[in-house]
Number of protein chains: 2
Amino acid sequence: MSTQTRTNAEPRIPLSKDRVLQAAIVLADEGGIESLTMRKLAKELGVEAMSLYYHVANKDEILDGMVDVVFGEIDLPSGEINWKTAMRERAISTRKVLSLHPWATSMMQSRTNPGPALLRHHNWVIGTLRESGFSIELTAHAFSAMDAYIYGFSLQEETLPFDTAEEVAAIVKAFLEHFPVDEYPYLAELSVEHIMKPGYDYGDEFDFGLELTLDGLERAQSESEPTTPKVLPI
Amino acid sequence: MSTQTRTNAEPRIPLSKDRVLQAAIVLADEGGIESLTMRKLAKELGVEAMSLYYHVANKDEILDGMVDVVFGEIDLPSGEINWKTAMRERAISTRKVLSLHPWATSMMQSRTNPGPALLRHHNWVIGTLRESGFSIELTAHAFSAMDAYIYGFSLQEETLPFDTAEEVAAIVKAFLEHFPVDEYPYLAELSVEHIMKPGYDYGDEFDFGLELTLDGLERAQSESEPTTPKVLPI
DNA sequence: ATTCGATTCGTACACTGTAAGTGTGTGGTG
DNA sequence: CACCACACACTTACAGTGTACGAATCGAAT
């Protein structure tokens, strides 16, 4: 339409993989991962779909990149703190980041191409445990147990169909009307006596399971004899 | 088997929602959820794509139905056993079912339309805890902690890019070559000293976290005073 | 044989990712 | 200044997706 040659004052920032990833994350945050299409992403960047392919091999590379950006947003505490505090803080930060990018949880694990941020993160977790006297076996156990809990919780949280107390009430009500109480009595009890209570927030459940896990690891550690970490094998 | 008045040899089983769901699960088991398309599903059933829509409103309804079928495959122990044994068995059964249907884990929670099998399952878990003296609050905590762990673990397990020891070795080797050891020393250590060891099986990690969680719940229960369950409120 | 409801199918459309080839603005050279 | 090379953006095209709409076919009751 515009036949003129760049009378526009815009400095015309060139596209880049970073800008593509940032825009993709914004789009996914707003409309969910299924609403992220190459054409919409291009439009968001003021560009045509195929232009993206100069900066990115294919859509999968975008998804992998998004995951790594999200991983990079997780705060890894630094300084001289004990492992339990360190693990608690990174767990809380992880959940927070994942709740800001709800689409990410099911992708964090399902993308098999690890990026640098993910590797850094994992290396930090493992290193912190090793330096705190965890044996290799216990480190593997701890890593698995903690991350399973964190991602599992985020997964549950992501998919809860309600965000506000009113929504909770409406959904529970609909549930109770559709399904006779006497068929699922305990579910009904929990819904009415707990979930519908004012001030209920599923997110609060995170702390309980987190402390349970951390306490369990602490106990497991004290029961095993620590071994000094052996860095740089080979 | 029974030959009707049909001159045709085939008895021509009519389509049904159940048959559609079963075929969909087979297809997803074989090629992953992304390979499940309406046309392939129809072909699998010897039918055209649009014929499916008589038995099913849309693809989402198929996905919801698949999740509920999978939930129905989980064994819920019956009889007079204590809560810990009951929870352990259902956790193990859940993981087993999820590993048979790898696509299911990320869908179990992301489908917001609960089916009867899911409701039955949840009701059973909550009821077992309540009848064992868990308070409503602790039941909610326990439910959240256990399920987060189970699904989180399944999520991790689903996405591990290897199934055999050889694959593990190959991937670790590739990792060590691509990324300098001194950048991720602890990750390298764990890989070489633990994951590459013969007999390693990530699935074995499940038990550790499960017992850790169950022990934690047991401790939490013994520290709180039990309340009798109040069934059928309102 | 006719009718009718229950199923199944054919066609069409908007939308997806992306292969292949075509422009085009910009900075470096003469 | 003109020119060019090339990094970058665009055009077109294609196979595959879910599904709306209406027509065709089946099985059984009349």
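By convention in this document, chain letters (A, B, ...) are assigned in the order of the sequence lines, proteins followed by strands, and residues within each chain are numbered from 1. What you see is a predicted model; the values in this text were computed from it and never measured.
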For atom CZ of Arg19(B), is the number of surrounding heavy atoms from other residues, nucleotides or ligands below 6.0 Å larger than 12? yes
Taking only the side-chain heavy atoms of Tyr54(A) (C-beta and beyond), determine which of dC8(D), dT8(C), dG10(C) contains the nearest atom.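 Within the option list, the nearest is dC8(D).
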Using atom [atom1] of [X] as one end and atom [atom2] of [N] as the other, report the distance to the nearest whole Å.
X	N	atom1	atom2	result
Leu15(A)	dG25(C)	CG	C1'	15 Å
Lys43(B)	dT8(C)	NZ	P	18 Å
Glu48(B)	dC9(C)	CD	C1'	6 Å
Leu41(B)	dT19(D)	CG	P	12 Å
Leu52(B)	dC21(D)	CG	P	18 Å
Glu34(B)	dG16(D)	CD	P	16 Å

Just checking, is any N or O donor in the side chain of Glu73(B) or His101(B) under 3.5 Å from an acceptor N or O on the other one? yes
Side-chain N or O of Ser51(A) less than 4.0 angstrom from OP1 or OP2 on dC8(D)? no
Any His55(A) side-chain N or O less than 4.0 Å from OP1/OP2 of dA7(D): no
Indicate yes or no: does [X] engage [Y] in a salt bridge with an N to O separation below 4.0 Å.
X	Y	value
Arg95(A)	Glu157(A)	yes
Arg90(A)	Asp147(A)	yes
Glu61(B)	Lys17(B)	yes

Spell out protein contact along nucleotides 15-23 of chain C as letters: B when the base is contacted, S when just the sugar-phosphate is, - when no protein heavy atom is under 4.0 Å; keep the 5' to 3' order. -BBBBB---
Residues in salt bridge (charged side-chain N to carboxylate O under 4.0 Å, His left out) with Asp68(B), at least two apart?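 Scan of Asp68(B) (salt bridge (charged side-chain N to carboxylate O under 4.0 Å, His left out), adjacent residues dropped) gives none.
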